[in-house]
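Here's the structure we're looking at; comments come further down.
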There are 2 protein chains.
Amino acid sequence: MKANLTVHTQSHDYPIVITSQCDLAKEVAPYIKGKQVMVVTNTTVEKLYLQALVEGLQADFEVLTVVLPDGEQYKTQQYIDQIYDALMDNHCSRDVTLIALGGGVVGDMTGFAAASFMRGVNFIQIPTTLLSQVDSSVGGKTGINHPKGKNMIGAFWQPQMVLADMHTLTTLPQRELSAGMAEVIKYALIMDADFLTWLEDNMSALMSLDKVVLAEAVARCCQYKADIVAQDERESGKRALLNFGHTFGHVIETHEGYGKWLHGEAVAAGMVQAAQLSQKMGWISEADVQRISKVLQAAQLPIKPPAIDTQIALDLMQHDKKVKSGQIRLILLKSVGEAVVTADFDQSLLEAVLTETL
Amino acid sequence: MKANLTVHTQSHDYPIVITSQCDLAKEVAPYIKGKQVMVVTNTTVEKLYLQALVEGLQADFEVLTVVLPDGEQYKTQQYIDQIYDALMDNHCSRDVTLIALGGGVVGDMTGFAAASFMRGVNFIQIPTTLLSQVDSSVGGKTGINHPKGKNMIGAFWQPQMVLADMHTLTTLPQRELSAGMAEVIKYALIMDADFLTWLEDNMSALMSLDKVVLAEAVARCCQYKADIVAQDERESGKRALLNFGHTFGHVIETHEGYGKWLHGEAVAAGMVQAAQLSQKMGWISEADVQRISKVLQAAQLPIKPPAIDTQIALDLMQHDKKVKSGQIRLILLKSVGEAVVTADFDQSLLEAVLTETL
């Protein structure tokens, strides 16, 4: 099976192609404009999918490769510099196309390198994890971490196309499949209560890698995100809702050190905290919080953060990109399927949520 | 006197304010949106203009400062990191405004930091050199150098406003005034033969810092550039004409090492080389080349590059951002006041120009 979505952005429209299994090179080739291609991947994905992609492209293009170490802890300036150096050493010009072959880290780094090399060159995303297929490959957010904060350096930069092949999920460790499912569940919680019911019904098929059901979930999530991005590319308004659970989650990731908790795991626990605060605000019920916890658990996700001192958690929240003039802003649930961005919550309720989870 | 131009860009319109002498803080304050301001300057400009600006802003804003060393050789990732670190250490949020107080290097670096911090924050340019007033402060090009090439890492990012105060030119060393004049002359050569006559008539007033004549020249140059940028923000077409003399000039800068030749000096010698090639193509006359050399000399600019081996020069040209699929493209003069981008020139004529200047 093969599905096509179109993402509308300020600079250009681009397709997201979703396949159950395909020849990666054949699908991306029509979107490569110049003669030079640089495929950026990591040491894990390299072994699985790099050779076939490179061989498939070599007939028509000069193909260069950069293999980064695997992990969020390498999403730094130092490794972006490796990409820049390879581009310069190989005399790449402004018509080079960068291809990100891997998960969110590879996508974010390749995208930022593409955004900043010669002030912007083309790039294509081949996300090979569920998380990157439903989240980071749509919407043009690219970037790296700063030692003091996640995703602090970056750019908005849209790809020429995204190719999500469900076959690549068959080699994904179960823990990463679950982490991706956290973002899938997020769309249901902030956008569509019916999709939450669909997920509750199909979670076991998804977790056992049924490619048809997976493709439907991925297509729905990409469509939700594409709709939001088309309305609010630069995250001045509605796009912020996609960060549901993320402010709490970032606290976990930063406190524990990048790499110990997977992003999706931190978001899962963070979504429960955000749901708890929404319940304390009187917006959703205790039963709703239980239902959210249950579907996350069905996806084998954590629903409780590690012990973090409340004051430290509050300090870490101050570094969040959503902070405006010193005011913490959170995404909370008005109801299941409807989220809002707000700075108008009782600080003591936030502290209660942070303290209860100790 | 005070003049206002408006620059139209894809993301937003912004004003260029040109004054003979003003209170810098008062002029920029209306364009600052949040509460936090970070002024980035260098050790030279710091002593001249920083204190008054900071004191003027402190009544209404939290004002932070970053002082970089002065020089093109510091336009590197290492010093961008200093800006990022200061932003993070001071808990700056997405509504911070960065102000570039200085020449092109400060402007390019501050602009790139603004483009990439949290995927983009507001910034304001206060260019204090003639070069940056007529060139780099208009059009949104930001960036840093890579060890193997100038301006290789960067972004297009538009300021909220630009303030060009002629008074700041009174503290500019004569050599830098001349370097800026090279870009002024460039506009005449590529856009407007009448402006070349005006420059020939007014060069001694300009070089003796007549603020009214300077303001007129700056306003004319900003208008030329604003018109071009409005038509071609991302340099896919007409904007490339602004690089007249720059491909030759970059060879000089890269070969001699950043900082030995000023950018404008290299562009001046490069424009003569581009004019010589245009003459060999039969497009302009030997008298035109002499006229161009003469007005550059009146601005106390070099008209001959240093000795560079022809093959080395050709190799360096291959690294230029205008190279498309391995093909060197140059900006040449069809006539005085009219330029074209072309890859369609006889390689032997290019080599002759490079060899003759040895």
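So you know, we letter chains A, B, ... as the sequences are listed, proteins then strands, and number each from 1. Quick caveat: nothing in here was measured; it's all calculated off a predicted structure. Reckoned from all heavy atoms, side chains included, excluding hydrogens, waters and symmetry mates.
A:H146 and B:Y84 have perpendicular rings, their planes meeting at more than 60° on a 0 to 90° scale where under 30° would count as parallel.
In B:N90, the CG atom is crowded: over 12 heavy atoms of neighbouring residues, nucleotides or ligands sit closer than 6.0 Å. Around atom CG of B:D60, more than 12 heavy atoms belonging to other residues, nucleotides or ligands sit under 6.0 Å away.
Of all the heavy atoms in B:T142 and A:R119, the pair that sits closest is O-NE, 3.0 Å.
Counting heavy atoms from C-beta outward, B:L87 and A:M152 have side chains that stay 4.5 Å or more apart.
Contacts of A:E62 with chain B are absent, with no heavy-atom separation under 4.5 Å from either backbone or side chain.
Between the OG atom of A:S93 and the CD atom of B:Q318 there is a distance of 9.0 Å, given to the nearest 0.5 Å. Between atom OG of residue B:S116 and atom CD1 of residue A:I144 there is a gap of 8.5 Å, rounded to the nearest 0.5 Å. For the atom pair CD1 (A:I153) and CG (B:D81), the distance works out to 7.5 Å, reported to the nearest 0.5 Å.
Looking only at atom types and distance, the side chain of A:Q77 has a donor-acceptor partner in the side chain of B:Q77 under 3.5 Å away.
Taking a cutoff of 4.0 Å between a charged side-chain nitrogen and a carboxylate oxygen, B:K148 and A:D89 qualify as a salt bridge.
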